[in-house]
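Everything on this sheet refers to the single structure shown next.
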Amino acid sequence: MSLECPEIYILANQMSKELTGKIIVNYEVQNSQQFQQKGFISANQVLNYMIGRKILLVTSRGNTIVVKLDNSWNIVLAPEYGGIISLHTSQTTLSKFHLKMDLQDVFLTINLTGMGCIQVVEDSFLKTVYLYNRDFSQILNPLEPSFTFECFIKQLDNKKQNIKAALVGKTAVIVGVSNSAFQDIIYRAKISPKRNTGMLTLEEKQGLYVAIVQLIKERLEAGGKSQFVDLYGKSGLYVAMMGSNKKDHFCSVCGCQIEKVSHGGGCVYFCSSCQK
């Protein structure tokens, strides 16, 4: 279960509210050796630079959170493959974690359940962190006012490619969308996962844009998707319209059985009757 831009945005806002102005007095890592060897988590000698730093700001873009510290240091967090970030007022409520930060009167734990990122870096080295460089970029962010229909179709037209590659991954025209959101978006827009953006009509592009905006709005209002747990341990309420939860189910619109295909490095569920 990946965390996408709505869930990351929720977490960043909650972290900003709870952590801004607090000082990191200590940290602890558990079961992190493999992640550190792969470069997903900074080595302990680098994590040491967090100690004594004040949190100035918490921002997010795409799938990535940046915790701005004083003296030009940053913590880059991207728990994008189902990671969990939790706030605790007592150590008695701590669950398993890869990194725990002690912040005066509260504790923040981060648990990566797949690939992800916990990197401590100086300002001048931020762009060396792949996930930061990918998300804090010129690529369109569906949560920003600059995400207009005109800008969106201009980018689509510049990259004539499969619809999934256009929305998910390294060649995507937007940040923050993974396979979960992709399946809902194209189902809402009634577009087959096999389509190429170069063959979409203006009406279909409009439907795709509207589907992206609506999906993100609904996920934010619902507190994230149902598999997501926020900073306080509260689960999201958004139930996916399409995805693995629809295995062996039938389309709620036309009644046809939902199909599953291996596509773009993952599985995609869709209705071949509604999605053309």
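Bear in mind that the values here come from a model prediction, so they are computed numbers and not experimental data.
Between Leu19 and Val67 there is no side-chain heavy-atom pair separated by less than 4.5 Å. Side-chain contact between Leu108 and Met15: present, with at least one pair of heavy atoms (C-beta onward) separated by less than 4.5 Å. Counting heavy atoms from C-beta on, the side chains of Ile75 and Ile55 never come closer than 4.5 Å. Looking at Lys205 and Asp157, their side chains come closer than 4.5 Å, going by heavy atoms from C-beta outward. Under the 4.5 Å side-chain criterion, counting only non-hydrogen atoms from C-beta, Cys271 is in contact with Cys254. Inter-residue side-chain proximity for Phe97 and Ile84 is flagged as unmet; no heavy-atom pair is nearer than 4.5 Å. Put simply, the side chain of Phe147 reaches to within 4.5 Å of the side chain of Ile212, judged on heavy atoms. Within the 4.5 Å cutoff, the side chain of Val168 has no heavy atoms near those of the Asn179 side chain.
At most 12 heavy atoms of other shown residues, nucleotides or ligands fall within 6.0 angstrom of atom CE in Met115. Other residues, nucleotides and ligands place no more than 12 heavy atoms under 6.0 Å from the CD atom of Gln34. Within a 6.0 Å sphere centred on CD of Gln91, heavy atoms belonging to other residues, nucleotides or ligands number more than 12. Other residues, nucleotides and ligands contribute over 12 non-hydrogen atoms within 6.0 Å of the CD atom of Gln104. Atom NZ of Lys159 has more than 12 heavy atoms from other residues, nucleotides or ligands within 6.0 Å. With a 6.0 Å radius and a threshold of 12 heavy atoms from other residues, nucleotides or ligands, Lys194 has its NZ atom at or below the threshold. When the shell of 6.0 Å around CD of Glu144 is examined, it contains more than 12 heavy atoms from other residues, nucleotides or ligands.
The aromatic rings of Tyr209 and Phe152 are tilted relative to each other, their planes meeting at an angle between 30° and 60°.
Here CD of Gln14 is found 11.5 Å from OH of Tyr9. Values are rounded to the nearest 0.5 Å. The CD atom of Gln138 sits 10.0 Å away from the CD atom of Gln155 when rounded to the nearest 0.5 Å. One finds the CG atom of Asp102 at 12.5 Å from the NZ atom of Lys22 (value rounded to the nearest 0.5 Å). Atoms CG and CG, from Leu77 and Leu11 in turn, are 9.5 Å apart once rounded to the nearest 0.5 Å. The CG atom of Leu231 lies 6.5 Å from the CD atom of Glu18; values are rounded to the nearest 0.5 Å. Rounded to the nearest 0.5 angstrom, His88 NE2 and Leu94 CG are separated by 5.0 Å.
Listed by first and then second residue, the side-chain hydrogen bond (donor to acceptor under 3.5 Å, both in side chains) pairs involving residues 255-266 are Asn162-His263, Glu259-Ser272 (not counting sequence neighbours). Each ring pair (Phe, Tyr, Trp, His ring centres under 6.0 Å) pair with one or both residues in residues 48-78, not counting sequence neighbours, appears once here: Tyr49-Trp73. Sorted by first and then second residue, the ring pair (Phe, Tyr, Trp, His ring centres under 6.0 Å) pairs involving residues 115-146 (not counting sequence neighbours) are Tyr132-Phe136.
Taking 4.0 Å as the cut-off between side-chain N and carboxylate O, Glu150 and Lys154 do not count as a salt-bridged pair.
The hydrophobic clustering, which links ILVMFWY residues whose side-chain heavy atoms are closer than 4.5 Å, places Val173 and Ile216 together. Hydrophobic cluster membership differs between Ile65 and Phe107, with clusters built from Ile, Leu, Val, Met, Phe, Trp and Tyr side chains linked at under 4.5 angstrom.
A donor atom on one side chain and an acceptor atom on the other are found under 3.5 Å apart for Asn44 and Gln36. Using a 3.5 Å distance cut-off with no hydrogens or angles, the side chains of Tyr238 and Asp184 do pair a donor with an acceptor. Ser90 and Thr92 share a side-chain donor-acceptor pair at under 3.5 Å.
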Using the side-chain contact (heavy atoms from CB on, under 4.5 Å) rule, take Ile8 and Thr64 through it: C-alpha gap first, then chi angles, then the decisive distance, then the call.
CA-CA 7 Å; Ile8 291 296; Thr64 304; 5.9 Å; no

For the pair Ile258 and Cys251, evaluate side-chain contact (heavy atoms from CB on, under 4.5 Å) and give the outcome as yes or no after the intermediate values. CA-CA 6 Å; Ile258 300 301; Cys251 175; 4.0 Å; yes

Query - Full working for side-chain contact (heavy atoms from CB on, under 4.5 Å) between Ile51 and Asn26 - result: CA-CA 6 Å; Ile51 297 177; Asn26 205 354; 4.2 Å; yes

Using the side-chain contact (heavy atoms from CB on, under 4.5 Å) rule, take Ile41 and Ile110 through it: C-alpha gap first, then chi angles, then the decisive distance, then the call.
CA-CA 11 Å; Ile41 300 178; Ile110 305 155; over 6 Å; no

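The main-chain N or O of Leu143 is found under 3.5 Å from a side-chain atom of Asn141 such that the two form a donor-acceptor pair. Gln119 contributes a side-chain N or O that, together with a main-chain N or O of Gly39, makes up a donor-acceptor pair within less than 3.5 Å. The closest donor-acceptor contact from the side chain of Glu4 to the backbone of Ser178 lies under 3.5 Å. In this structure, Glu7 contributes its side chain and Phe228 its backbone to no donor-acceptor pair below 3.5 Å. At least one donor-acceptor pair closer than 3.5 Å links the side chain of Thr148 to the backbone N or O of Cys151.
The side chain to side chain donor-acceptor pair (under 3.5 Å) with Asn111 is formed by just one residue from the set Lys96, His98, Gln30; it is His98.
Between Ile185 and Ala211, the closest heavy-atom pair is O-CB, 3.5 Å. Of all the heavy atoms in Val175 and Ser137, the pair that sits closest is CG1-OG, 4.5 Å.
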